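I have placed the structure first, in the form of structure tokens, so that the comments after it can refer back to it.
Since the model is a prediction, treat every value here as computed from it, not as a measurement. Sequential numbering from 1 along the given sequence is applied to the chain's residues.
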Amino acid sequence: MALASLTPPRASERERWWLWPLALWLVSRLVSTALLGAFAGRQEQSSWTAAGPDLLDYSTMWDAHWYFIVAMSGYPTELPLDESGHVGENAWAFMPVYPMLARLLMVAGLPWEGAAVLLSVLASAAFALVAYRLFAEIAPGRERFALAIVLLSPLAPVLQLGYAEALFLLLLAAVLLAWRLREWEWLWVLIPIMALTRPGGLALALALGLWFLLRWWRERSAFEARERWMLVGLGAWSALWGFGWLIACTIATGSLTAYVETELSWRSAYIGRQELVPFTTWPIGLEWWFGPWWPLWLVGIVLAAVVLLAGPWAATVGIEAKLWVVGYLVYLAAVWFPQSSTWRLLMPIFPVAVILAAVRPSWARAVLLAACIALQPVWIWFCWHVVGSDWTVP
């Protein structure tokens with residue numbers, strides 16, 4: 001299969017389709033850079049930086065330090081234990097593709113801060129191109145505004161911070177585009193890389209499984225055996241890599257529960273040490289945040305997701321993107337404890353931007369984009385900017 005098959009069809013040889021997404025990416029980075037720079041100048045001394053750090057130091061706080069540890073030292077074979085004998089926070093919670101690529105840039109002479117930020121910036125530019133191409137496939141005519149929503153969203157600063165999000169979104173967009181174009185060969189290659197960048201393999205396996213069932217129900221006679229087996233294989237491949245990091249952690253540490261215990265250590269500061277029981281974390285978390293009102297919040301969240309994905313405004317959107325969003329939201333519902341990082345964990349549902357892009361009239365679009373930009377400094381202040389003993393992790 002030729003790589004050219006993933007490039008967009010052009011009305012003429014003179015069309016330069018990539019100019020719009022790159023121009024929008026540049027504008028969005030200027031906005032986020034200006035905001036991050038303004039906050040950096042007002043940053044007090046913290047665990048990660050001195051007072052008033054430069055932009056690179058400010059962009060590599062919080063979990064970027066864990067990626068730095070991975071890039072320099074790899075992963076421990078003996079896990080740290082707290083006073084109660086439980087596994088403490090450690091590097092196994094952070095997957096290897098992003099820090100290892102940053103390490104390659106460091107070998108080329110860049111300091112960690114420069115390597116981490118440069119990798120995110122380059123990945124975000126590539127993501128703009130691939131996401132634009134994906135949007136054109138799943139919702140023709142909405143791709144420009146949809147990309148603007150994503151690149152100027154409240155979480156847009158993350159695309160240039162020392163986090164793996166930009167790289168993961170690039171790989172995810174490529175996976176969804178290959179799925180949409182039925183370029184199966186690319187999926188075999190991209191899925192392992194994506195699944196070792198950020199958790200996503202299990203969600204994709206679920207999405208592929210839902211698509212299999214949908215095809216079987218709607219068009220069984222046209223659903224050829226060869227394609228059925230292809231989907232079964234890809235679903236199993238994605239599920240395997242969804243558990244791949246847990247398997248690697250088990251082999252390296254000799255403990256089957258090492259990875260899950262590592263992940264649980266982060267939420268223990270909120271609710272104490274509890275076992276992971278799928279689909280119980282949101283009720284527990286919402287009760288912790290909102291007390292007896294938690295059922296209303298849970299129902300409201302579920303209804304909002306259903307209305308967004310099942311409403312008439314989503315009817316013409318490509319089914320692959322919608323199934324991915326469903327699969328990923330189900331995955332979060334099963335394992336994620338809701339806290340301030342939830343906004344960042346929702347970034348992989350970026351395809352919903354094509355649904356939001358259906359908003360009319362033009363003034364409503366302007367209000368939506370203005371709200372996105374206005375919420376960027378809100379997110380930076382409450383989640384990224386460090387104030388005292390800050391617990392609102394990004």
Side-chain angles (χ1 to χ4, degrees), residues 8 16-41 55-56 58-61 64 98 113-114 116-136 138-139 141-174 176-177 198 321 343-359 362-385 394:
R16 298 178 179 178
W17 68 272
W18 43 268
L19 285 177
W20 171 261
L22 284 185
L24 184 54
W25 169 83
L26 179 60
V27 170
S28 70
R29 291 313 91 209
L30 291 175
V31 171
S32 293
T33 299
L35 291 171
L36 288 169
F39 276 95
L55 185 58
L56 287 179
Y58 188 71
S59 299
T60 48
M61 301 192 303
Y98 175 79
E113 294 80 7
V117 171
L118 177 61
L119 179 55
S120 291
V121 168
L122 293 177
S124 68
F127 166 68
L129 293 170
V130 180
Y132 182 83
R133 180 73 179 90
L134 172 66
F135 292 160
I138 63 176
R142 301 186 195 175
E143 59 268 23
R144 291 190 174 186
F145 190 59
L147 186 63
I149 292 172
V150 174
L151 295 182
L152 292 170
S153 69
L155 275 292
V158 176
L159 296 175
Q160 64 189 75
L161 299 176
Y163 273 49
E165 264 63 27
L167 182 60
F168 179 74
L169 292 183
L170 166 61
L171 294 164
L172 173 59
L176 295 178
L177 180 58
R198 290 280 306 154
W343 304 110
R344 178 172 57 85
L345 268 290
L346 288 173
M347 292 184 75
I349 66 169
F350 74 90
V352 301
V354 296
I355 300 176
L356 299 177
V359 66
S362 56
W363 64 263
R365 290 184 158 206
V367 169
L368 178 57
L369 277 187
C372 285
I373 297 172
L375 287 172
Q376 283 192 39
V378 174
W379 180 83
I380 294 172
W381 172 254
F382 282 103
C383 290
W384 189 259
H385 199 76

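Remark: the backbone N or O of Ala374 is not paired with any side-chain donor or acceptor of Gln376 at under 3.5 angstrom. Side-chain N or O atoms of Thr33 include none that pairs as donor or acceptor with a backbone N or O of Leu30 at under 3.5 Å. In terms of modelled atom types and a separation under 3.5 Å, the side chain of Arg142 and the main chain of Phe135 share no donor-acceptor contact. The backbone N or O of Leu151 lies less than 3.5 Å from a partner atom in the side chain of Arg29, making a donor-acceptor pair.
Leu169 places none of its side-chain heavy atoms less than 4.5 Å from the side chain of Val150. Within the 4.5 Å cutoff, the side chain of Pro157 has heavy atoms near those of the Trp379 side chain. You'll find the side chain of Arg198 stays beyond 4.5 Å of the side chain of Leu171, heavy atoms only.
The structure places OG of Ser28 at 13.5 Å from CD1 of Ile149, a figure rounded to the nearest 0.5 Å. From Thr60, atom OG1 reaches atom CG of Leu55 across 9.5 Å, with rounding to the nearest 0.5 Å. Considering CZ of Phe350 and CG of Leu172, their distance stands at 5.0 Å, rounded to 0.5 Å. Annotation: the span from Leu167 atom CG to Ser120 atom OG amounts to 8.0 Å, rounded to 0.5 Å. For the atom pair CZ of Arg133 and CG of Leu147, the computed distance is 14.0 Å after rounding to the nearest 0.5 Å. Note: Ser59 OG to Met61 CE = 8.0 Å, rounded to the nearest 0.5 Å.
The two residues Phe127 and Ala166 have their closest heavy-atom pair at CB-O, 4.5 Å. Shortest non-hydrogen contact noted between Pro377 and Leu35 is CD-CD1, 3.8 Å. Residues Val359 and Ala364 approach most closely at CG2-CB, 3.8 Å, considering heavy atoms. The shortest heavy-atom contact between Tyr98 and Leu161 is OH-O, 3.9 Å. Closest heavy-atom contact between Gly162 and Ala64: O-CB, 3.2 Å. Considering every non-hydrogen atom in both Cys383 and Pro394, the closest pair reads O-CD, 3.3 Å.
When only modelled atom types and interatomic distance are considered, Gln160 and Ser124 share no side-chain donor-acceptor pair under 3.5 Å.
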- Message: Would Trp384 and Tyr163 count as a ring pair (Phe, Tyr, Trp, His ring centres under 6.0 Å) here? Give the steps.
- Response: CA-CA 12 Å; Trp384 189 259; Tyr163 273 49; 5.5 Å; yes
